[in-house]
Amino acid sequence: MSSHGPSPEHDSTTVAALYLSELRHGSSYTPAELRQAIAQSYAGLHPSESLLPRYWATWRAADVGDEDLRERRLWALRMAAVLAQDEQQTGRAPSSWAVGAASAPAAAASPSRGPNPAVQQLRAARRLPVRVTVTVLGVHLTVAGLARQAGDLLAVPIAGPFNVGLGLLLVQLAVTAGAAVWYGPYARTAIDPLTEHVASCLAHPGSDR
């Protein structure tokens, strides 16, 4: 794992956040996209979890011969350099996540700074879509289970050719379509602004109040 320079334990939190993000390591991204991905990596953490230990644990658990992981780390290092260069060119203050790994123990040992409120709000906003998704899946599984175990019930007529099975199918379609239509506006009005706010707060510590 150390064939490409210093070991992952020496990587910055920027590299760790990009490595753990959902971005594809074969692609290039704008600084704004990189900051948003970093914010999402932080938002995906459990309140009691730290980003760097998760990153290190990923490497310790990985196969030392996994070339894909090494390529992803090299990509994360390149993208972190792109982000640092952009901050220099635009005069932005160094991001709070651009601290080296050596500073992590001190940060973890300090209880004075609680969880970022913006990150907590983003996590709360993401819980509702999860609940909606679980509800939709529950409806699908219920209809499938009834179709398998209670075929006679589904065949009960309601009005003419319209029976219980057709009614449940229409309910299933309505729930699925409703969830899909609802999520777009919800993401634009509730999740996207909070994601941008988290990125801004992480880039400028103290602005989350």
Task: Expected output: side-chain Trp75 to main-chain Gly26 donor-acceptor under 3.5 Å - done: no

- [ ] Check whether any side-chain heavy atom of Arg24 lies under 4.5 Å from a side-chain heavy atom of Tyr29, and answer yes or no.
- [x] yes

Task: Donor-acceptor contact present, side-chain Ser27 to main-chain Leu23, <3.5 Å - done: no

Task: Side-chain heavy atoms of Leu169 within contact of Val143, under 4.5 Å - done: no

- [ ] Side-chain contact test, heavy atoms from C-beta onward, threshold under 4.5 Å: evaluate it for Arg126 versus Gln40 and give yes or no.
- [x] yes

Task: Under 3.5 Å: donor-acceptor pair, side chain of Tyr183, backbone of Gly178 - done: no

Open item on the list: In terms of relative ring orientation, are Trp182 and Tyr186 parallel, tilted or perpendicular, with 30° and 60° separating the classes?
Closed with: parallel

Open item on the list: Strictly distance-based, threshold 3.5 Å: is any side-chain N or O of Glu33 a donor or acceptor partner for the main-chain N or O of Thr30?
Closed with: yes

- [ ] Decide yes or no for Leu166 and Asn163: does some side-chain heavy atom of the first lie under 4.5 Å from some side-chain heavy atom of the second?
- [x] yes

Task: Close side-chain approach of Leu168 to Val139, heavy-atom, < 4.5 Å - done: no

TODO: Examine the side chains of His140 and Gln172 and answer whether a donor and an acceptor come within less than 3.5 Å of each other.
DONE: yes

Task: Ser28 side chain near Val82 side chain, heavy-atom distance below 4.5 Å - done: no

Open item on the list: Tell me whether the NZ or CZ atom of Arg72 lies within the 45° cone about the ring axis of Tyr19 and under 6.0 Å from its centre.
Closed with: yes

